[in-house]
Amino acid sequence: MARTASLSGYLELLPEERLVELHMLDTLRRVFEAHGFSSIESRAVEPLEVLLGKGEIDKEVYAVSRIHDDDGAAAAAKHALHFDLTVPFARYVVENAGHLAFPFRRYQIQKVWRGERPQAGRFREFTQADIDIVGDGELPFRCDVEIALVMARALEALRIGEFTLRVNSRKLSEGFYRSIGLEDTAAVLRAVDKLEKIGAERVAAELVETAGASETQAEQALALARIRTSEPDVAPRVLDLLGDAAPDDLLRQGLEELTTVMAELTSRVPGRAEADLSIARGLDYYTGTVIETVLHGHEELGSVCSGGRYESLATKGRRSFPGVGLSIGLTRLLSALLDSGEVSASRKVPTAVYVTLREDQDWPAAQDVADQLRERGISAEVALSAEKFGKQIKYADRRGIPYVWFTDEQGRHEVKDIRSGQQTEADPASWSPAAVDLTPQIRFNDR
RNA sequence: GUGGGCGUAGCUCAGCUGGUAGAGCAUCGCGUUGUGGUCGCGAGGGUCGCGGGUUCAAUCCCCGUCGCUCACCCCA
């Protein structure tokens, strides 16, 4: 069970839960680096104006200040904890542009903070795992494809169960709305974004009221949002909805891009992606591909991995840095998987061998045995006092330590497999545990 | 920020119309006196979230407050 500590929204894990998290972090690192992404870490704190510049999340930002400034008065906050990794990354790129080679691909796995009301799957402090590719001036569309592909691979490697990348293109949606004569595309997107939550009728009403749509236009916009298919070529279905209207350039480009992304994903990670033309994304800096990810059986979580293309991640003078990226909500994922029991660790401690003590004075000799094991990569722990063997075995058993080591008066060694009870002679210089017992294993269980 | 629900042992919870607390699990001990798990017996552990009010008497009723939780909002 993932437990909520005394402070709501700040998840703290037990050792056996942390092992699962570490395994996920290791897995992500391996996959990201296999695809050529470099790791960076940015400071936890940004100037307030850097964070508030992006609007949107203003009230969720935690400000940081000393309790008193030098005059002893309460200090006004100039800094704040970052609420995502994209904004700090943009600042980092601008600041270090001279040292980076573009296109720059980086991954970044860090805690972020948001001051919202916590709920199941929503935290005030949580870990995000981001990958982005950022270009100097321009960035090939091909990067959109690659980012989606790497994340699909990463999610597969995490073995979290079935998931679907829901892919759309802002260009497609906006181009479509314009083609049918709806100019306030932002208002349309906001309304359509609520489709799953409030239903078609109320979205249609909102389109008419706030986006200036006629009933026909509202119907067309809704029909577009209802397109959801694993068939890569969505163009015929979209164009069919236009009626007499002609597709504008933006729509044509969006169709081509979405089709390309879908075709590549379908061939390289079959069954992991579908085109979902209702995906809009709340943040307004997305300009092309947008992606959300639903974890099957955990639909209540919402998206566990989201992001997309933004044509202007950052600017420096006349230079602009377009980017494309995706972000995994690692804490959200982890907490759901731990709660459901789908993932667990085979033991609470790294220790593979517990070296018992027959007499208290045997402690140095026991450490020698442990060191011989450790030198060969076997985690070993020595008893702290020569309690009854029953107690020492029990200690190991409670922690899930698979082997217990005994040395008798003559210096003969035996090792006991605590699960079978089998005890055999062993040499500390050469004995090894079964491979699965060497380190805690991560278990993937049925729900 | 707005609204609902809930705060009793380490955990999960019971405690009737008010009479100052109990169970299961966990922990520890003993049986089994230096080779665990089962079983049996026993023990420890509580400001009943906090403050105030009503009452002879409050875990229980009332008010406030803090915390947790769910929903809205927003998002990973």
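Basis for what follows: all heavy atoms, side chains included, without hydrogens, waters or symmetry-related copies.
Here, rG3(B) and rC56(B) have their C1' atoms 40 Å apart, quoted to the whole Å. With C1' as the reference atom, rU59(B) and rG18(B) are 10 Å apart, rounded to whole Å. The same atom, P, is picked in rA14(B) and in rU2(B); the two are 30 Å apart, to the nearest Å. With both ends at atom C1', the span from rG10(B) to rG44(B) equals 13 Å, rounded to whole Å. Separating the P atom of rA21(B) from that of rC25(B) is a span of 23 Å, rounded to the nearest Å. Of the P atoms belonging to rG24(B) and rC41(B), the separation is 11 Å, rounded to the nearest Å. Between the C1' atoms of rA58(B) and rC16(B), the separation comes to 16 Å (whole Å). Separating the P atom of rG64(B) from that of rG5(B) is a span of 13 Å, rounded to the nearest Å.
One can place CZ of Arg398(A) at 4 Å from P of rU27(B), the figure rounded to the nearest angstrom. Regarding Gln423(A), its CD atom lies at a distance of 11 Å from the P atom of rG36(B), rounded to whole Å. In this structure, Gln128(A) atom CD and rA76(B) atom P are separated by 7 Å, rounded to whole Å. The distance from atom CD of Glu387(A) to atom C1' of rU33(B) is 14 Å, rounded to the nearest whole Å. Between the CZ atom of Arg122(A) and the P atom of rC74(B) there is a distance of 10 Å, rounded to whole Å. With rounding to whole Å, Ile109(A) atom CD1 is found 14 Å from rA76(B) atom C1'. With rounding to whole Å, Gln119(A) atom CD is found 10 Å from rC73(B) atom P. At whole-Å resolution of the value, CZ in Arg124(A) and P in rA76(B) are 18 Å apart.
Pair assignment for rC61(B): rG53(B), on the basis of Watson-Crick or G-U wobble contacts that are both within less than 3.5 Å. Pairing of rG29(B), defined by two Watson-Crick or G-U wobble distances under 3.5 Å, is identified with rC41(B). Here rG67(B) sits opposite rC6(B) as a Watson-Crick or G-U wobble pair (both hydrogen-bonding atom distances under 3.5 Å). Pair assignment for rA14(B) gives none, since no Watson-Crick or G-U wobble pairing has each distance under 3.5 Å.
For the pair Leu85(A) and Val112(A), the tightest heavy-atom approach, listed with the atom from each and the gap, is CD2-CG1, 3.7 Å. In plain terms, the two heavy atoms of Gly323(A) and Leu313(A) that are nearest each other are N-CB, 4.4 Å.
As judged by a 4.0 angstrom heavy-atom cut-off over every strand, Ile401(A) is placed among residues making no nucleic acid contact. At a threshold of 4.0 angstrom between heavy atoms, the contacts of Arg117(A) include nucleobase atoms, whether or not backbone atoms are also involved. Residue Gly421(A) is classed as a base contact, given a heavy-atom separation below 4.0 Å to a base. In this structure, Tyr395(A) reaches neither bases nor backbone, as no heavy-atom distance under 4.0 Å exists between it and the strands shown.
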Open item on the list: The test is side chain to side chain donor-acceptor pair (under 3.5 Å); show your working for Tyr107(A) and Asp130(A) and say whether it passes.
Closed with: CA-CA 5 Å; Tyr107(A) 72 93; Asp130(A) 280 35; over 6 Å; no
Open item on the list: I'd like to know whether Glu206(A) forms a salt bridge (charged side-chain N to carboxylate O under 4.0 Å, His left out) with Arg202(A), so could you lay out the CA-CA distance, the side-chain angles of the two residues, the decisive distance to 0.1 Å, and finally the verdict.
Closed with: CA-CA 6 Å; Glu206(A) 189 169 328; Arg202(A) 291 175 59 190; over 6 Å; no
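In this structure, Phe126(A) forms an aromatic stack with the base of rA76(B), since both conditions hold: centre separation below 5.5 Å and plane angle below 30°.
For the OP1/OP2 pair of rU35(B) and a distance below 4.0 Å, the side-chain nitrogens and oxygens of Lys391(A) include no atom meeting the criterion.
Between Lys416(A) and Glu414(A) there is no salt bridge, since no side-chain nitrogen of the basic residue lies less than 4.0 Å from a carboxylate oxygen of the acidic one. Using a 4.0 Å cut-off between charged nitrogen and carboxylate oxygen, Glu46(A) and Arg43(A) count as a salt-bridge pair. A salt bridge does not link Glu16(A) with Arg347(A): none of the charged nitrogens is closer than 4.0 Å to a carboxylate oxygen.
Residue-to-nucleotide proximity on RNA chain B shows that, of Leu330(A) and Arg358(A), the 5′-proximal contact is made by Arg358(A). Both Ile418(A) and Val304(A) lie close to RNA chain B; mapped to their nearest nucleotides by heavy-atom distance, the more 5′-ward contact belongs to Ile418(A).
Comparing atom distances between the Lys388(A) side chain and each of rA76(B), rU35(B), rC30(B) picks out rC30(B) as nearest.
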